[in-house]
Every structure is written in C-alpha cells, then in structure tokens.
S.K.: 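This is the structure I want to talk about, given as structure tokens.
The figures that follow rest on heavy atoms only: side chains count, while hydrogens, waters and symmetry mates do not. Just so it is clear: chains get the letters A, B, ... in the order the sequence lines come, proteins before strands, and each one is counted from 1.
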Protein chains: 2
Amino acid sequence: MVQYCRPNLDAAFGALSDATRRGVLEQLGRADASITVLAERFQMTLTGMKKHVGVLEQAGLVTTEKVGRVRTCRLGVRGLQEEAAWIERQRQLWAARFDGLDVVVEELKQKEKVNGRNKRK
Amino acid sequence: MVQYCRPNLDAAFGALSDATRRGVLEQLGRADASITVLAERFQMTLTGMKKHVGVLEQAGLVTTEKVGRVRTCRLGVRGLQEEAAWIERQRQLWAARFDGLDVVVEELKQKEKVNGRNKRK
DNA sequence: GCAATACTGAACCATGTGGTTCAGTATACA
DNA sequence: TGTATACTGAACCACATGGTTCAGTATTGC
C-alpha cells in the first residue's frame, strides 16, 4: 500500500518541516512507540498523531506494524540518506560559490567532516 | 559572526520540500540570477517566482538585493548548516538504533528494493 | 460475554500553499 | 519625453495541511 524506497525529496522534506514530526523521529530514535504513546507525548489526539505517522510513513522515514490492537512505529531502515545526500551536494555548491572569501563555510565543512567521520565504525 | 542564527527548521525544510525551490537553489549555486531569469528558467510567472524566492529568503537560504529595476538573488551565506546538523544528528540516532545490525540493515535494503515491502498481511 | 483499549475513517474547519491574473510603480534607455 | 522592462501587491482559485470530533471496528482481558 505505502510506497517505500522512493527518493521523494518533496515528501521527505515536507515531513521534516513540522516540529511535531521531527520530534516523533527523535523519539523513535530512542525507542519504538505506539500511536497512543506518541499521541500522549505530544499532547494530541490519536487521530492527529496517526496522520503525522502516516506522513512520515509515506516519506519512508518510519515504518509501522500492527500486532493485535497496537500499531508499533519505528524508524525506517532507509534513514535520511537521500536527504543528507541532497543537502551535502548543495553545500558543496554553496562552498564553491563562496570559495576563498568565506572562512565560516570552511570552518563548518571541517567541523562536519570531523563529526561525521567520528561516529562511523 | 554572520550567524544570523534562527534555527527555523520548519521554514527551511518547508522551503526544501518544493522541487522548484530546490531547483532555484541549485541554479543559484551555479550563478546569481534575477527574478526574471529564474521565472523563465522554471516556466512560471514573475509573481509566482517571486513568491518562491520569498519563501527561500524567509528561510534564510537566499538573499536578494535590488539594484535599479533588477532584484538579484544569491545563496544566503548561512547555507544549510542547521539543516545538515539536524539530519546528521538524526542519522546518528538511526545508526544507534540499528547498531550492530549493519549487515541486517543492508540485507533489508536489498530485500526492499526487490520486494517492494510486502510484509503486511 | 462484556467492557475497556487501541486504533481507524469520515467529516469538518481554519489556515497555508502554489499558482494565476490584473493593475500598478519604478527604472532604463532611445 | 515616452515606452519598454522588471518587479510588486492585491485578489483570487483549487487543493493540501494540521488539527479536531464522532462514530465506528478489532483485540484484550476479566
């Protein structure tokens, strides 16, 4: 039913443009959760939270599975690969545009390199 | 510091959720451009393009300057720093959730490509 | 069996979005 | 000076979004 694994940046960035949904992703980064738990955490009706989860699911950022009465939500395995890739490519264009005259950009690039490669195992 | 730091992720990700606006950013990554040029490139009225540029400007991704009749648009110096940072942090959570399961994740990704996810039912 | 739990779907509402047209204003230039 | 260019703003349109309520259905557990 739901389309997975599509590099749909529109849907993904759209999903990320809402603070509640970003919060849900952060929450799911710590532990899987049911719709009820998420709704309580974000002070919202079940129906409202279900919609948010639906948006995240459509964007391929979250997967859900219903067992008995409970629908459990977890992070999608795809992660934010496509989105990170687009942003990184754009950041390179940015850097090129400001090449040689923007120290800040250079600093940021270095910082990112360090942070990014550190966690890799 | 040119920080100009409004970490308004809502606005930024919202701006990125439209293909036309991502295209404008890519375009501006190659060269500055006027509203007219952008409107022609993306086959849109001046007014329509002005709105898009307004959204990008509001999100801090683009700056504009009017000289004479012409408003020139260029990439904002802030870049996609905040957005990249959020995504990177989230990717770390993702990785942590799937920690030690790297091989499994790879497998799932492959399966997903093949099956199109029919785990329901 | 029955009540509570957990979700689902339809319908509604206010507001926002992506686009248009039309009617301007300000500037450039012959 | 007059006209073409480049943008601007208001108004409008259809549709999407973020939420709600209400009325269900399916499961769980006593």
S.K.: Hey, what do you get for CG (A:Leu9) to CG (B:Leu16), rounding to the nearest 0.5 Å?
M.R.: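 One gets 9.0 Å once the value is rounded to the nearest 0.5 Å.
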
S.K.: Enumerate the salt bridge (charged side-chain N to carboxylate O under 4.0 Å, His left out) contacts for residues 37-55 of chain B, please, sequence neighbours excluded, ordered by first and then second residue.
M.R.: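 Passing the test, one end in residues 37-55 of chain B: no pairs.
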
S.K.: Between residues 11-19 of chain A and DNA chain C, which residues have a heavy-atom gap below 4.0 Å?
M.R.: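 Per residue number, the list is empty: none.
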
S.K.: Applying side chain to side chain donor-acceptor pair (under 3.5 Å), name anything that partners B:Thr64, two or more places apart in sequence or on another chain.
M.R.: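 B:Thr64 satisfies side chain to side chain donor-acceptor pair (under 3.5 Å) with B:Glu57, B:Arg71 only.
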
S.K.: Look at the side-chain N and O atoms of B:His52 and state whether any lies under 4.0 Å from the OP1 or OP2 oxygen of C:dG19.
M.R.: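 For B:His52, the contact criterion (side-chain N or O under 4.0 Å from OP1 or OP2 of C:dG19) is met.
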
S.K.: Determine the interplanar angle of the B:Phe13 and B:Trp86 rings, folded into 0 to 90°, and report it as parallel if under 30°, tilted if 30 to 60°, perpendicular if over 60°.
M.R.: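 Ring orientation, 0 to 90° scale: perpendicular.
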
S.K.: State, to 0.1 Å, how close A:Ala39 and A:Thr45 come at their nearest heavy-atom pair, and which atoms those are.
M.R.: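 Closest approach of A:Ala39 to A:Thr45, heavy atoms only: CB-O, 4.0 Å.
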
S.K.: For DNA chain D, find the residues of residues 20-28 of chain B with a heavy-atom distance under 4.0 Å and give them by number; none if there aren't any.
M.R.: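 Nucleic-acid contacts, sorted: none.
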
S.K.: At their closest point, which heavy atom of B:Val53 faces which heavy atom of B:Cys73, and how far apart are they?
M.R.: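 Minimum heavy-atom contact is CG1-SG, 3.9 Å.
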
S.K.: Shortest non-hydrogen contact from A:Ala59 to A:Ala11?
M.R.: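 Where A:Ala59 meets A:Ala11 most closely, the heavy atoms are CB-O, 3.7 Å.
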
S.K.: How close do B:Leu80 and A:Trp94 get, heavy atom to heavy atom, and via which atoms?
M.R.: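 Minimum heavy-atom contact is CD1-CZ3, 3.8 Å.
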
S.K.: In whole Å, what is the span from the CG atom of A:Asp10 to the P atom of C:dT17?
M.R.: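 Answer to the nearest Å: 15 Å.
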
S.K.: To the nearest Å, give me how far apart NZ (B:Lys50) and C1' (D:dA10) are.
M.R.: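 Interatomic distance, NZ of B:Lys50 to C1' of D:dA10: 12 Å.
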
S.K.: Would A:Thr72 and A:Lys66 satisfy side chain to side chain contact (heavy atoms under 4.5 Å, CB included), going step by step from the backbone distance to the final call?
M.R.: CA-CA 6 Å; A:Thr72 299; A:Lys66 191 163 185 180; over 6 Å; no

S.K.: Is B:Lys66 near enough to D:dA6 that one of its side-chain N or O atoms lies under 4.0 angstrom from OP1 or OP2?
M.R.: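 B:Lys66 to D:dA6 OP1/OP2: no side-chain N or O under 4.0 Å.
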
S.K.: Which heavy atom in A:Ala15 sits nearest to a heavy atom in A:Leu56, and how many Å separate them?
M.R.: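 That would be CB-CD2, 4.1 Å.
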
S.K.: For residues 22-38 of chain B, which residue pairs qualify under salt bridge (charged side-chain N to carboxylate O under 4.0 Å, His left out), counting only residues two or more places apart or in two chains?
M.R.: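 Qualifying pairs: A:Asp10-B:Arg22, A:Arg89-B:Glu26, A:Arg97-B:Asp32, B:Asp32-B:Arg74.
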
S.K.: Between P on C:dA26 and CD1 on B:Ile35, what's the gap in Å once rounded to a whole number?
M.R.: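 B:Ile35 atom CD1 is separated from C:dA26 atom P by 18 Å.
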
S.K.: Atom pairs under 3.5 Å, N or O on each side, protein against nucleotides 20-28 of chain D: can you list them with distances?
M.R.:
from	atom 1	to	atom 2	distance (Å)
D:dT20	OP2	A:Thr45	N	3.3
D:dT20	OP2	A:Thr45	OG1	2.7
D:dT21	O4	A:Thr47	OG1	3.4
D:dT27	O2	A:Arg69	NH1	3.4
D:dT28	O4'	A:Arg69	NE	3.4
D:dT28	O4'	A:Arg69	NH2	3.4

